[in-house]
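Working notes for the structure below.
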2 protein chains.
Amino acid sequence: MNIGEAAKASGLPAKTIRYYEEIGLIRPPRDANGYRAFREADTHKLTFLGRARSLGFSIEECRRLLSLYEDRSRASADVKRVAAEHMRQIEQKIAELEQMRDTLGDLMSRCQGDHRPDCPILDNLAGSKG
Amino acid sequence: MNIGEAAKASGLPAKTIRYYEEIGLIRPPRDANGYRAFREADTHKLTFLGRARSLGFSIEECRRLLSLYEDRSRASADVKRVAAEHMRQIEQKIAELEQMRDTLGDLMSRCQGDHRPDCPILDNLAGSKG
DNA sequence: CTTGACCTTCCCATTACGGGAAGCTTTAGA
DNA sequence: TCTAAAGCTTCCCGTAATGGGAAGGTCAAG
């Protein structure tokens with residue numbers, strides 16, 4: 001299976017697959033012509049990586065999850081720990097964004113949004129007390 | 001006022017201030033010795049930029065906001081438009097993160113987190129139907 | 001006069017890829 | 001069979017917004 005097919009099978013762009021090989025997430029063998037020869041196990045790993053990435057796990061977290069995935073003597077507690085740490089990061093990011101949303105929403109609601117220059121948004125950014 | 005003082009006054013690292021000069025957000029003059037000489041207007045701009053960045057505006061959005069800030073004939077509608085576009089991005093990002101949080105939370109709640117290898121988190125990433 | 005705190009520029013590293021060039025290989029069609 | 005298109009390869013550059021750190025000039029204090 002060439003990279004194009006592996007891309008279709010996994011839903012990942014070929015570029016991304018090459019990158020994952022470069023950083024050692026997968027190690028597909030090569031055919032005599034130099035083309036990567038993807039096995040089922042490789043496309044499974046790629047699909048796994050795609051899903052983990054879509055849940056927001058970083059590449060290094062994916063690497064850890066992948067090694068647990070391949071370790072039959074893993075403890076699910078180890079997987080859950082990785083997930084819990086990621087969950088903390090997600091929740092923190094959400095909290096930050098909600099803070100931004102609330103502040104910005106407040107400023108926007110106070111801005112007339114007309115032809116005049118007066119603007120509470122700019123006033124706030126400039127450091128006014130209002 | 002040297003960069004160290006400007007950093008304290010604005011709350012931005014000196015490195016960041018140099019970067020903002022490099023990309024043309026500020027243009028402090030230089031002293032005879034080559035040191036940047038920050039004026040009040042420069043530190044005000046820096047403070048403005050710091051606040052805008054903390055609300056999540058990109059550098060390019062900051063550039064636009066700064067030009068509106070300096071344009072006394074601006075229309076507040078223009079400012080509000082920039083803010084509204086940014087608000088959309090924030091809300092979209094929040095929605096994505098909440099989706100991740102919910103999915104991950106569900107998987108975590110179903111993971112025993114013990115010494116055994118069975119793990120719904122990995123099962124899901126691997127593409128199981130469960 | 002020296003030491004240490006500033007300042008300068010310059011270059012590399014980060015994250016996770018995407019774009020695109022130059023050049024093979026394979027495949028499909030006339 | 002020849003050719004053109006499609007697919008593959010590696011390689012290098014660019015992204016956003018800084019942070020780290022080196023090499024070296026400047027300044028203030030003792």
Side-chain angles (χ1 to χ4, degrees), chain A residues 1-39 42-43 45-46 48-66 85-86 89-90 93 96-97 100, chain B residues 1-39 42-43 45-46 48-66 85-86 89-90 93 96-97 100:
Chain A
M1 193 195 281
N2 287 344
I3 200 169
E5 287 174 87
K8 273 185 192 166
S10 64
L12 295 174
K15 274 281 194 181
T16 298
I17 296 175
R18 293 196 190 95
Y19 174 64
Y20 287 174
E21 185 197 35
E22 185 188 331
I23 63 176
L25 287 177
I26 54 167
R27 301 183 187 287
R30 300 294 182 116
D31 281 339
N33 58 12
Y35 287 16
R36 291 170 183 79
F38 293 85
R39 301 152 298 189
D42 294 314
T43 60
K45 280 196 200 178
L46 289 172
F48 181 99
L49 289 168
R51 293 186 185 227
R53 292 287 298 125
S54 78
L55 280 180
F57 286 102
S58 72
I59 290 288
E60 288 315 308
E61 286 169 330
C62 286
R63 193 189 300 280
R64 177 86 186 108
L65 289 173
L66 200 53
E85 170 55 22
H86 181 48
Q89 294 172 22
I90 288 174
K93 192 68 188 167
E96 289 169 6
L97 287 168
M100 290 178 190
Chain B
M1 192 194 277
N2 287 342
I3 199 169
E5 288 174 86
K8 273 186 192 163
S10 65
L12 294 175
K15 274 282 196 183
T16 298
I17 295 175
R18 293 196 189 95
Y19 174 65
Y20 287 175
E21 184 197 34
E22 185 188 332
I23 64 177
L25 287 178
I26 54 169
R27 302 183 187 285
R30 300 294 181 117
D31 282 338
N33 57 15
Y35 287 16
R36 290 170 184 81
F38 294 84
R39 300 151 298 186
D42 295 313
T43 60
K45 279 196 202 179
L46 290 172
F48 182 98
L49 290 167
R51 293 188 186 224
R53 291 287 298 126
S54 78
L55 280 180
F57 287 102
S58 72
I59 291 288
E60 288 315 308
E61 286 168 331
C62 287
R63 193 189 300 278
R64 178 87 185 108
L65 290 172
L66 201 53
E85 171 55 22
H86 180 47
Q89 293 173 22
I90 288 175
K93 192 68 189 166
E96 289 169 6
L97 287 168
M100 290 179 190

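Because the structure is a prediction, the values reported are computed rather than measured. Naming: A, B, ... by sequence-line order, numbering from 1 per chain.
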**Report entry** Side-chain donor/acceptor of B:His86 to backbone N/O of B:Leu55, under 3.5 Å
**Finding:** yes
Query raised in the report: Looking at A:Phe48 and A:Leu65, what are the two nearest heavy atoms and their distance?
Result: CZ-O, 3.8 Å
Query raised in the report: Where do A:Pro28 and A:Ala37 come nearest, in terms of heavy atoms and distance?
Result: CB-O, 4.0 Å
Report task. Pick base, sugar-phosphate or nothing for A:Arg53, based on heavy-atom distances below 4.0 Å to the nucleic acid. Result -> sugar-phosphate
Requested in this report: Indicate, yes or no, whether a donor-acceptor pair under 3.5 Å links the base of C:dG18 to the side chain of A:Tyr19.
Outcome: no
Query - Protein-nucleotide distance (B:Glu5, atom CD; D:dA28, atom C1'), rounded to Å - result: 13 Å
Query raised in the report: Can you list the steps and then say if B:Glu21 with B:Arg18 is a salt bridge (Lys or Arg N to Asp or Glu O under 4.0 Å)?
Result: CA-CA 5 Å; B:Glu21 184 197 34; B:Arg18 293 196 189 95; over 6 Å; no
Report task. Check the distance between D:dC27's P and B:Met1's CE and give it to me in whole angstrom. Result -> 18 Å
Query - Whichever of B:Lys15 and B:Gly4 has its nearest DNA chain C nucleotide further upstream toward 5' - result: B:Gly4
Query raised in the report: Would one find a side-chain N or O of B:Thr16 under 4.0 angstrom from OP1 or OP2 of D:dG19?
Result: yes
Query raised in the report: Relative to the 5' end of DNA chain D, which residue comes earlier, B:Tyr35 or B:Ser58, by the nucleotide with the nearest heavy atom?
Result: B:Ser58
**Report entry** Rounded distance [0.5 Å steps], CZ in A:Arg39 versus CE in A:Met1
**Finding:** 11.5 Å
**Report entry** Value in whole Å for how far the P atom of D:dG19 lies from CG of B:Leu12
**Finding:** 9 Å
Report task. Nearest whole angstrom, please: distance from the C1' of D:dT15 to the CD of B:Glu60. Result -> 12 Å
Report summary line: Assign each of A:Tyr20 and B:Ile3 the nucleotide of DNA chain C bearing its closest heavy atom; nearer the 5' end lies the nucleotide of B:Ile3
Query raised in the report: Rounded to whole angstrom units, what separation is found between the CZ atom of B:Arg36 and the P atom of D:dC27?
Result: 15 Å
**Report entry** Length of the CD1-P vector between A:Ile59 and C:dT14, whole Å
**Finding:** 14 Å
Report summary line: B:Arg30 has its side chain closest, among C:dT8, D:dT10, C:dA16, to C:dT8
Report task. Starting at atom CD1 of B:Ile17, determine the distance to atom C1' of C:dT8, rounded to an integer number of angstrom. Result -> 15 Å
Query - Rounded interatomic separation in angstrom, taking CG from B:Asp31 and P from D:dT26 - result: 13 Å
Requested in this report: Give a yes/no answer on whether the side chain of A:Asn33 brings an N or O atom under 4.0 Å of OP1 or OP2 in D:dT9.
Outcome: no
